[in-house]
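Quick note on labels: first sequence line is chain A, next is B, and so on, each numbered from 1. Basis for what follows: all heavy atoms, side chains included, without hydrogens, waters or symmetry-related copies.
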Number of protein chains: 2
Amino acid sequence: MPNESKSRTVRKDEREAVICTVDVVLLTLEAGRLRFVLVPREAAPFKGVAALPGGFVHPLEDRDVRACAERVLKAKAGVEGQWLEQLSVFSGKARDPRGWSLSVAWFAVVHCDLLRATLPANAQLRDAGDLSGLPFDHDDIVRAALERLGSKSSYSSLPAHLCPETFTLPQLQAVYEAVMGEPINKVSFRRKMEELAFLEPVEGGMTRGGAHRPAQLWRLKEDYRARLKLTDRGLNSGS
Amino acid sequence: MPNESKSRTVRKDEREAVICTVDVVLLTLEAGRLRFVLVPREAAPFKGVAALPGGFVHPLEDRDVRACAERVLKAKAGVEGQWLEQLSVFSGKARDPRGWSLSVAWFAVVHCDLLRATLPANAQLRDAGDLSGLPFDHDDIVRAALERLGSKSSYSSLPAHLCPETFTLPQLQAVYEAVMGEPINKVSFRRKMEELAFLEPVEGGMTRGGAHRPAQLWRLKEDYRARLKLTDRGLNSGS
DNA sequence: AGAATAGTGTCTGTGAGACATTATCTG
DNA sequence: CAGATAATGTCTCACAGACACTATTCT
C-alpha cells in the first residue's frame with residue numbers, strides 16, 4: 001500500500017490523476033433468457049450511448065466501493081439488488097478517452113419483476129448474448145460477469161435470487177440450467193438442493209398449475225436472503 | 001462507468017481525491033511453511049513499519065494496475081513473480097489515515113530460492129500464521145490471499161510455482177498439503193496430476209536421495225511456466 | 001539383510017446420472 | 001380416463017480414498 005518511492009510525491013495535476021469509477025453488470029432472467037441492464041450515458045464521452053450503470057467514486061458519500069456500487073445501482077437502475085459481488089478491476093489509459101481510469105466492476109443479480117418495477121424508462125434490458133456497441137471496455141466487463149455467474153452457480157444459492165420470492169423446484173432447475181448453459185439431471189439437482197439445505201418448503205402446493213400434479217413451493221431460508229449485506233464470503237472479500 | 005450525476009462535476013480538491021494504490025501479498029514456501037514478504041514503509045504514515053509491498057498507481061508509468069503491481073513487486077521485493085493474480089479491492093475512509101483510499105490487492109507466488117536471491121536486506125519473511133502488527137488493513141488482505149491460495153490450489157498448477165524448477169511428486173504433494181492445510185491421498189494426487197497433465201518428466205531420477213528408492217523428477221510444461229503474463233484466466237479477468 | 005521412501009495395483013464406498021415408476025392435478 | 005408434469009425409487013458407472021504390495025536405493 002501507500003509506499004511512495006521517495007523521488008516523487010503525490011501530484012494532483014491532470015495527467016497524474018486516476019479516474020476512479022464503478023461499473024455494475026446487473027443481471028436478470030426474463031422468459032428464460034439472461035439479460036443485463038444498460039442505461040444511456042448522461043454525459044460525454046459516449047453521451048446517450050447505452051452503457052453499464054456506473055459512476056465516479058465519491059469519497060464524501062461512499063463508505064467504500066461496495067457502498068458506491070450500491071448507490072450507483074439505486075440511482076441508475078432503481079434497484080437495491082439482492083446479490084452484489086466484486087468482479088475485478090479494469091484499468092489503463094486506453095479504456096476511457098478522458099484518461100487513465102480504474103473501474104471496479106461488480107456483478108449484481110435481481111429477479112426480473114423486482115427489476116421491472118423500478119427500472120427507469122430510459123433503461124434497457126439487453127440479451128446476454130449481444131455485446132455489440134457497448135462503450136469503453138464494457139463488453140469485457142459483461143463477459144467477465146457472465147463467466148463468473150456460470151462458475152459460481154454450481155451450486156450456490158446465487159441463481160435462486162433470479163427467482164421470485166417463492167418458486168418450485170422445476171422452476172429453479174430451469175434457472176440453474178439457463179445460468180450454467182447446460183441441462184441438469186433432475187434427481188441430482190434435487191439431491192444437491194437437499195444437501196445444500198438453503199431452501200425451505202412453503203405451506204401449500206402450486207394448485208393453479210395446469211393439467212398436472214401441483215408442485216411444492218420453496219423459498220430461500222432466512223439466512224440466505226439478505227444477500228446484499230452479507231455477500232463477500234468465500235473468494236471475494238474486501239470492499 | 002463514468003456517468004456523473006449531473007449535479008456534480010469532478011472536483012480535484014483534497015477531500016474528494018481518491019488515493020489509488022496497489023498492495024501485493026507475495027507468498028512463498030520455505031521449510032514447509034507458508035511465508036509472506038513485508039518491507040519497511042519508506043514514508044509516513046507508519047514510516048518504518050513492516051508492511052505489504054505496495055505503492056501508488058502511477059498513470060504515467062503503469063499501463064494498467066497489473067503493470068503497477070509488477071512494478072511494485074520488482075521495486076520493493078526485487079522479484080518478477082511467477083504468478084500474479086488480482087485479489088480484490090479494499091477501500092474506504094478508515095483504512096488509511098491520509099484519507100479515502102482504494103487499494104487493488106494482488107497475490108503473488110515465488111519459489112523461496114528465487115525470492116531469497118534478490119530480496120532486499122531490509123525485507124522480512126513473515127510466517128503466514130502471524131498477522132500481528134500490520135499497518136492499514138493489511139491483515140485482512142493477507143487473510144484474503146491465504147484463503148484464495150487455499151481455494152485455488154485444488155487442483156491448479158499454482159502450487160507448482162512454489163517449487164524449484166524441477167521437483168519430485170512427493171515434494172509437490174507436500175507443497176499442496178501445506179497450501180491446502182490438509183493431507184492428500186497419494187494415489188489420488190498422482191491420478192489428478194496425470195489427468196491435469198501440466199507436468200512432464202525430466203531425464204534422470206533423484207539419485208542422491210537417501211537410503212531409499214530414487215524419485216522421478218518433474219517440471220511444469222512449457223505452457224504453464226510464463227505465468228505472469230498469462231494469468232487472469234478463469235475467474236479473474238481485467239487489469 | 002533391513003530400513004526407508006517411491007511408485008503401482010486393486011478393492012470399496014460414495015455420489016452423479018439414466019431410467020423407470022408412482023403421484024396428483026385438469027379437462 | 002387421458003394427458004401432463006411432479007416427485008421418488010433404483011440401477012449402474014465413474015471416481016476418490018484406503019490399503020497393500022512391489023521397486024529401488026543406501027547402510
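Within the 4.0 Å cut-off from OP1 or OP2 of D/dA4, not a single side-chain nitrogen or oxygen of A/Arg213 is found.
Note on ring orientation: taking the six-membered ring where Trp is involved, the planes of A/Phe198 and A/Tyr224 are tilted (angle from 30° to 60°).
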- [ ] Classify every nucleotide of nucleotides 15-21 of chain C by which part a protein heavy atom approaches to under 4.0 Å, writing B for the base, S for the sugar-phosphate alone and - for neither, in 5'-to-3' order.
- [x] -BBBB--
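Under the side chain to side chain contact (heavy atoms under 4.5 Å, CB included) test applied with A/Pro159, the options A/Ser157, A/Cys163, A/Ser156 reduce to a single match, A/Ser156.
Separation of atoms OG1 (A/Thr28) and NE2 (A/His161) is listed at 13.0 Å; rounding is to 0.5 Å. Here the CG-CZ distance, from B/Leu146 to B/Arg148, works out to 12.0 Å after rounding to the nearest 0.5 Å.
Counting only distance, with no hydrogens or angles, the side chain of A/Thr118 and the backbone of A/Gly78 share a donor-acceptor pair below 3.5 Å. When atom types are taken as modelled, the side chain of B/Arg66 and the backbone of B/Leu84 share a donor-acceptor pair closer than 3.5 angstrom.
Rounding to whole angstrom units, CD of residue A/Gln173 and C1' of D/dT8 are separated by 14 Å. Regarding A/Leu169, its CG atom lies at a distance of 12 Å from the C1' atom of D/dT8, rounded to whole Å. Residue B/Glu194 contributes atom CD, which lies 15 Å from atom C1' of D/dA16 at whole-angstrom precision. Computed from coordinates, the B/Glu177 CD to D/dG17 C1' distance equals 13 Å when rounded to whole Å. The interatomic distance linking A/Gln216 (CD) with C/dC25 (C1') rounds to 15 Å, in whole Å. C/dG7 atom P lies 12 Å from atom CG of B/Leu172, rounded to whole Å.
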Open item on the list: Set out, in order, the CA-CA distance, both residues' side-chain angles and the distance that settles salt bridge (Lys or Arg N to Asp or Glu O under 4.0 Å) for A/Arg225 and A/Glu200, then state yes or no.
Closed with: CA-CA 12 Å; A/Arg225 275 179 229 152; A/Glu200 61 185 10; 3.4 Å; yes
Task: Residue pair A/Asp113, A/Arg116: steps toward the salt bridge (Lys or Arg N to Asp or Glu O under 4.0 Å) verdict - done: CA-CA 5 Å; A/Asp113 289 349; A/Arg116 287 286 187 194; over 6 Å; no
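Overall, the helix from C/dA1-D/dT27 to C/dG27-D/dC1 carries an axis bend of 10° between its ends, with five pairs at each end and the value rounded to 10°.
In the set C/dA4, D/dT24, C/dG7, the nucleotide with an atom closest to the side chain of B/Pro214 is D/dT24.
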